[in-house]
Enquirer: 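Below you will find the structure I want to go over with you.
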Amino acid sequence: PATRVEPEGQVVIGVAQEPTRFHPLQRRTEVDDAVHLNVFSTLWSLSPEGNLVPDLAVEVPSVENGGISADGLEWRIKLRPDVTWHDGAPFTAEDVKFTIETLANPSYPSPSRHGHELVRDIEVVSPTEVRWRLERPFAPYLAILAWAGIAPQHILAGVTDPADPSFNNSPVGTGPFRFGERRPGDHVSLVANDKYHGQGPFLKQAVLKYIPDQIGLKTQFITGAVDAVLIPGIAPDLAKEVERAPGVKVHYSPNQFVEIIALNTQLPQFQDPAVREALYLALDKNTVFNEIYPTGTKRPTESFLPEQSWAYKKDLPEHRFDLGAARALLDKAGWKPGADGIREKDGTRLAFSISTIAGDHLREQFQQLLQQDWRSIGVDLSIKNAPSAALWGDFWRKSQFDSIIVGLIVPIASDPDPSNRFGSWAIQARGGTGLNTFQYDNPEVDRLLREGVGTFDRERRKQIYFEIQDIVRRDLPYLPLVQGRSIEGTKNGLVGYQPNLGYRVNAWNLRDWRWEK
Amino acid sequence: MVRRFGARLIQSVILLWIVSIVGFSLLYLTPGGPLAMFAETPGMTQEDVERLERQLGLDQPAPIQYLRWAGGLVVGDWGRSYRDDSPVLEVIGSRIGQTFKLMLAATAVAMSVGLATGILGAVRQYGRFDRVTTILTMIALSIPTFWFGLLVIYVFSQRLGWIPPGNAAPVGDDSWLSALHHLIGPALVLGLLSTAVWSRYMRSAVLETLAQDYIRTARAKGVLRSRLLFHHVLRNALLPMITLIGLELPSLFGGALVTETVFTWPGMGRLFFDSISYRDYPVILGMLIFSAILVISSNLIADTLYGVADPRLRRR
Amino acid sequence: MSVESFPAASAAPARANTTVFHRFLRRRMAAVGLALVVLLVLACALGPFLLRHDPLTINMRGRFLLPFSDGHVLGTDEMGRDLLARILDAGRYSLLIGILAMSISVFVGGFVGIVAGFYRGILGHGLMRFVDGMLCFPSIFLLLTLAALTSPGVVTTTIIIGLTAWMSVARLVHSSVQELCQREFIAAARALGLRDWRIMIGELLPNVAAPLCVAATLIVARAILLESYVSYLGYGIQPPVASWGNMLQKAQQYFNSAPWLAILPGLMITIAVAGFNAIGDGLRDALNPRGRPG
Amino acid sequence: MIPSVQGNAPDLLRVEGLVRHYRGDAGIFSRHRHVVPAVDDVSFTIGRGETLGLVGESGSGKSTVGRLIMRLDDADAGRIVFDGRDITDLRGQGLIDLRRRLQVVFQDPYASLNPRRRVGDIVGAGLRAHGVETSQSGLRDRVAGLFRRVGLDPGQLDRYPHEFSGGQRQRIGIARALSLEPELIVADEPITALDVSIQAQIINLLLDLQDETGLSYLFIAHDLGMVRHISHRVAVMRRGRIVEYGPVGAVFDDARHPYTRALISAIPIPDPDREASRRQIAGDDGEVASDAKLREVGRGHWVLA
Amino acid sequence: MTTPLLDVSDLTVRFSQDRGKVYAVNGVSYSLARGETLAVVGESGSGKSAHVLAMPGLLGTGRYTGAGAAVEVGGSAVFAGKELIGMPEAELRRLRGSRIGFVFQDPMSSLNPVLTVGEQIAEAITSHGVSPRTAEARALDLLDIVGIPEPRRRARHFPHQFSGGMRQRAMIAIGIACEPALLIADEPTTALDVLVQAQIIDLMKDLRRQLGMAMIWITHDMGVVASIADTVQVMYGGRIMERGPVRAVFHDTRSAYTWGLLNSLPDAEMHAPSLAGRRPRLRQIPGQPPDMTQVPVGDPFAPRNRFATHRCLSETPPLQQVADGAPGHLVAAWYDLPQVLRAVAHRDASPQALTEMGT
Ligand SMILES: Nc1ncnc2c1ncn2[C@@H]1O[C@H](COP(=O)(O)OP(=O)(O)OP(=O)(O)O)[C@@H](O)[C@H]1O
Ligand SMILES: Nc1ncnc2c1ncn2[C@@H]1O[C@H](COP(=O)(O)OP(=O)(O)OP(=O)(O)O)[C@@H](O)[C@H]1O
Ligand SMILES: [Mg+2]
Ligand SMILES: [Mg+2]
């Protein structure tokens, strides 16, 4: 490490969700990640540019450097020798083995086994080297590992009850910060780890302050009670107000969310592609982005991938708002207005509901605007919102909705593979596993998806995903709106904030944060 | 007395049992679940969700789940939070202090102001003071707490900057002065409603007492005005107030939930809302049971106190 | 006969209805409350027909207009809808919810109260213990749990509020009925050989009508408040339907930039609730033959 | 067992060894949970067309006896025989049918009328419930007839009880009791709550009715003067027991039990001259021995000893 | 003639409340000598309580309060040379309890449930400038005087631990605590049974003798009047109908109302306990009590009085000395009752006619 700078000062980061899960193998929400990414280290991490940067590993394995065999099945990882746990114990390959085995263990309550379940024959070659075999080639696994904080085998191996909260309440990692204390309902504090193997940290203490609503978050940011606002940031329609406040900076940082209106394509109303297209034509994106989500906060998109993704296709057909065209399209497809002005065809009324999380006021405004616009082309839209816990249950997963506004993250740890969303095997309503809640079923797409994960050749993959984006844009199983932007704020003088699409939270690099002299 | 108290205790236990059944069925019957939240977690699959459900025991039939949970209650194991695996009692314990602090402060405000205005109003019934307080209490009873809270924050912290806009204390500052400073706003807002309630109850209790025959007797004896008020009127009028403490508790508790949200106060209220949105069933149920115990036992205590304070109910 | 010979029970107004009404009107607060409520109800019922603006028409180009601008007396809201039209329309729902929830709780509470008060045995005891149990939950607690767990909407919100408010009615009616059952006219009815249901409907019900009436107004007030809480916390009425509560919830976002959006609906809630409270108070006094404030 | 004094009149009601103990209220803080022997081994009979006066100390169980006979309350022991039929455990339809023959007039003319019903409906409720009269107009006619019979204006049928004075209310109560044409009326202190000048009106009405229809009364009262005026026989109760029982003349003029004597001597005489010469006998505080039995001391005159 | 202890003249009491005015007392005048016992009888609601409570300023508390019922008291009441009506409350307070004592009807509701009986008695004394220590001792004496055994123990009891009779005795102890010149007793025995009533009456008689105090005793019971009063005053519709020495009023009745009242009582001679034949009826007063909310005109009893003349209906008779009666026997009537009765008896000799007088 370079010359160590004595850490000083503290930063209070306001977040509207409470971090509660600090166990690296059990974390669930993005705000948990804010703790996790700073207390634990991963084998390699993702840079803001989307590159993998070695952390605990000496280098990122690849076919080129021999870390991964040509068929993509054999992995061999070399580890840094100079890393210690916060409790002083040395970090070894055993920890990596333990972490991956635990994550792959079907009886362990980890949130996802995705990728890990393919790992076979994991083996510690030496304290600084570990290797394993994959069941089948799976390119996204590199990115998945960039999210997997390595857990201390020497502490956790002895814990038989996975629900034992003691580690969760005092986690021990190898990251730039040690876990300080948690005041339930109020804050979590992280303390500088002076034995950190990388650069930093520069702050003596970082606090994640829980302020449960966005208005409170904003108020406390403006009044100076918090130094930065992260999850979920500043509400778009408050951004202007915050910008005007003295002494603070507002950042409009792109994130991986793509806001869409998901359609349940199996509904008789939606099976006709003309309907889906007409609905899209009657969508007044401009007003939405100029009025509801003020300028600069969101950008229209046609893809399901964030534009920063290497697989993002720029020149997809552009949306236009044309009510006349929408009406003509519907007329042509045989949807005739009924007595009440609502179109119908073969006994099917063009009536359906739209849902979103109750209380999300901007989406609610959007819904109401949609209601008015679509009504003018003869569509009867009703609003049926629900609290998130009710919404994301069977209602969403088993495709019980008509249409739903949702912020979608398609890439998994920045890998663009959308199999989970568009593969016909991923339709839960039909017994599949996955989140193809649109019930989108296109054999051509299925084929491309399979091909896409099967190769490590990025150029080839790119072509495949371009093609998928074209098809999906044409088929419109959902109506794409915008790519999300996190509107976050930092006090003037606080440096180090850097958005990173590879992570769910822009507090991924607290080790770089510091106060300007 | 002991025997009677025992009987009441048994009744209370039965009450709790009813509460537990109602609470449990309430949660069980509702759609969605604690894991729905994570449906959109990248990489989390349906299989993962089902696996976790199994691990939490949510796949069991309702009666089994109930028995397991209720059985735990009896032996003091209230289950563990889905959110961080901490024992429910610990979770509640970590928050209850803040809520009590708030409730206590609010009650202190409410009782002193409410009782005083109630008494003064009744003594000069239909006087100017009485009229003004009557109207004010009526308004106080009708203002939505959260709205009042928003106004208070807007005016006193954003415009005037007198009080902090929320929180129990700044991070890292544990001085009691700053704690007190932070307490003013929420205590005022939470106390408003109870102040009105206390004032009205006190007023009508004093009026009721003033109309009693024994007050006439006292006046017929030529008792001094001050003595009449403090010795005869208040002694009697304050008796029903004891019961009011027990009756007010649930609404105070409920009010605390709302006030805490407005003032981002790290108490039970926030815990409750979080638990609800995360479907943290063990914690929700734990809080239901906890508040029921609180209410039941405060009623029990109020009744017992009443029995001690009122000579008519005292055992010879 | 002297006034004081009348039984002083609050349950039994001793005077004809016209006098009750007069006594009611003589209480200035009650009269003002009644006037407010009547005014509000009329305004909300008729206003939307008389106004130029439709409460639902969105105009994204005319958002956040100040009061008295562009023909909008109270300005426009965050979607450019006329605020006055919206407030009146929202009032319909708020008042409707208040009144329907009140009907539910009066019906359920009245039924349970009468039955439990009349049958003292296991049935009565069981019912009242159940009521006690339900009362152990702070009502916001119960309400939010229910609201958060069902999908929100006018109907569910109304039902939920009704279902969390009936217990107090049941208690009130129960104690009133218990007291009535001590009175000789119930013994007289039994002695005449009336069947239980006849006694409950014919003798008891008319006598609890007065306290029920008082309770009803107070519950309307409470229900309006509760609806606003639920909506404020995001679990209530869903757009585009407006209630005062959800208008407030939406408006708090703009508390700094457009404070009137939040102040007006809050004021409406306060006024409506105060109106109903005042009516309830006035009724209680007017129905009490001894004329004492309760 | 106690034979009725008028050998010629058949017994309409016969009460044997009636017992009713109240357990103290089970409230949490009620002082004692002791047992109150409200009625303790009470026996008497009432003949057709006869009035039995029931007097005694406050709380001695007089009303309880009335309620037990009316079957508004259940006896712990003993038998109640009405017109030869044991009604002690009657339930359901049988009890409802009994109501037609056995009626009650209550003490409090305010509490005993439902303030929320029109007086016409109050009086007609029994007729309707028993299906005696189902047509609206028929019912109205009958009620109007009852009103006239008790000296009320049938034009006031549609008024509410509070629009009547105490005396009128008591008449309404009597009309209600009469509506089913009962054979026995239990009158529990029907005049106590009334003004002196109204009391006479009610007593006269009761006497008129008895003369007209041959009704029997169990007349409970505190006012010994009135009891003496209206009753054929009297029973004196104390602490749940009958201490003296017999023809009115015998009991009043030849009281044997010390309690009866004290009671009678304590009645103030509304005449300054005679009042001045009245000699009062000290009340007795003696407990009633539990094994004491009623003994006949004169013809139909029984005393507890 | 010495100055009277109490001189009431043209006392009026009105209650105004929501439903209008109640004309409770309409011009009552009389005087009371030291040591005299006055019994006040009359119809319920005739203003008996109202007029005695109005004088010492006690209307407006106790069950006489009605929210919004404003009390207007007019006329004059001079007690021991001082005008009571309009006297400042502070001065009235000093009089109450010390010079004027009270005993109220319902002994349960008239005692403060949360204070011990001893405290409540002692308070009557300490309120008039006596030290608590002395007052306590005096309270024990008083309990003894009113015949409560074990005063020391009993003084520590609360009212609910006393029986009805004992409570009334405690009330009396409070009333006489400062040996007042006037004791006002409002139906002190109505709630008690005959035996207890007799004991209380005896006690009061004794006390009156010992303390030489004057007494106003309100009652419904003519028997009680006969046993205790020197003077009796019959009230109806807020007025005095007749007033005079007790013998004169009972035996030389001049008011039709008094006559009706006395006649409606059952009479030992009338008892005829036989099943056969028509039994004699009581002589009831027909009609209904007056509506106190109307402005009183004429003789209030006139509508129920079969002897009433037109004048009775329109003009209010003054309370005057009975021409040929005992001194101090006053009546308010336009008719001459003995004469009217003689005339009726003459015209229609059957006793039946008298029985159903006026029906
Ligand atoms: N607070 C009050 N408000 C209105 N009217 C009242 C009030 N108190 C008494 N009255 C009326 O004044 C009249 C006289 O009442 P008062 O109590 O003096 O009668 P009373 O002769 O004492 O009757 P009773 O024998 O029933 O005690 C009655 O008509 C009564 O209704
Ligand atoms: N429901 C009851 N529960 C408990 N005790 C009762 C009940 N009813 C009456 N008692 C008691 O039974 C005893 C007799 O009461 P009851 O009413 O029969 O007396 P009473 O002779 O009618 O008295 P009064 O002359 O005062 O009307 C009293 O001690 C009373 O307290
Ligand atoms: Mg009785
Ligand atoms: Mg009186």
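Residue numbers start from 1 in every chain, and the chains themselves are labelled A, B, ... in the order their sequence lines are given, proteins ahead of strands. When reading the values below, keep in mind they use all heavy atoms of this one structure, side chains included, and skip hydrogens, waters and symmetry mates.
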Enquirer: Can you tell whether the side chains of B/R95 and B/E90 come within less than 4.0 Å, N to carboxylate O?
Expert: no
Enquirer: Yes or no on side-chain hydrogen bond (donor to acceptor under 3.5 Å, both in side chains) for A/N255 and A/Y503, after CA distance, side-chain angles and deciding distance?
Expert: CA-CA 9 Å; A/N255 57 32; A/Y503 294 108; over 6 Å; no
Enquirer: Using non-hydrogen atoms and a 4.5 Å limit, figure out which bit of A/E30 sits close to chain B: side chain, backbone, both or neither.
Expert: neither
Enquirer: Against chain A, label B/R80 side chain, backbone, both or neither, depending on which of its atoms sit under 4.5 Å from a heavy atom there.
Expert: side chain
Enquirer: Is it the side chain or the backbone of A/Y108 that comes within 4.5 Å of chain B heavy atoms, both, or neither?
Expert: backbone
Enquirer: Non-hydrogen atoms of chain B under 4.5 Å away: do they reach the side chain of A/N169, the backbone, both or neither?
Expert: side chain
Enquirer: Parallel, tilted or perpendicular: which fits the ring planes of B/F253 and B/F290, with parallel below 30° and perpendicular above 60°?
Expert: tilted
Enquirer: Cut-off 3.5 Å, side chains only: do B/Y154 and B/R159 have a donor facing an acceptor?
Expert: yes
Enquirer: Among A/P109, A/S107, A/G115, which has the most heavy-atom pairs under 4.5 Å with chain B?
Expert: A/P109
Enquirer: Give me the ring orientation class for B/F24 and B/W69: parallel if the planes are under 30° apart, tilted from 30 to 60°, perpendicular past 60°.
Expert: parallel
Enquirer: So for A/D186, is it side chain, backbone, both, or neither that comes closer than 4.5 Å to the heavy atoms of chain B?
Expert: both
Enquirer: Sort out for me which of A/A225, A/S189, A/P184 touches chain B most, counting heavy-atom pairs under 4.5 Å.
Expert: A/P184
Enquirer: Cation-pi check, B/R270 to B/F263: give yes when NZ or CZ is under 6.0 Å from the six-membered ring centre and within 45° of the ring axis, no otherwise.
Expert: no
Enquirer: Please flag which part of A/D161 lies under 4.5 Å from any non-hydrogen atom of chain B: side chain, backbone, both or neither.
Expert: side chain
Enquirer: Flag the pair B/R83 and A/E18 as a salt bridge only when some basic side-chain nitrogen lies within less than 4.0 angstrom of an acidic carboxylate oxygen.
Expert: yes
Enquirer: What residue in A/V410, A/I211, A/D213, A/T219 has the most heavy-atom pairs under 4.5 Å with chain B?
Expert: A/T219
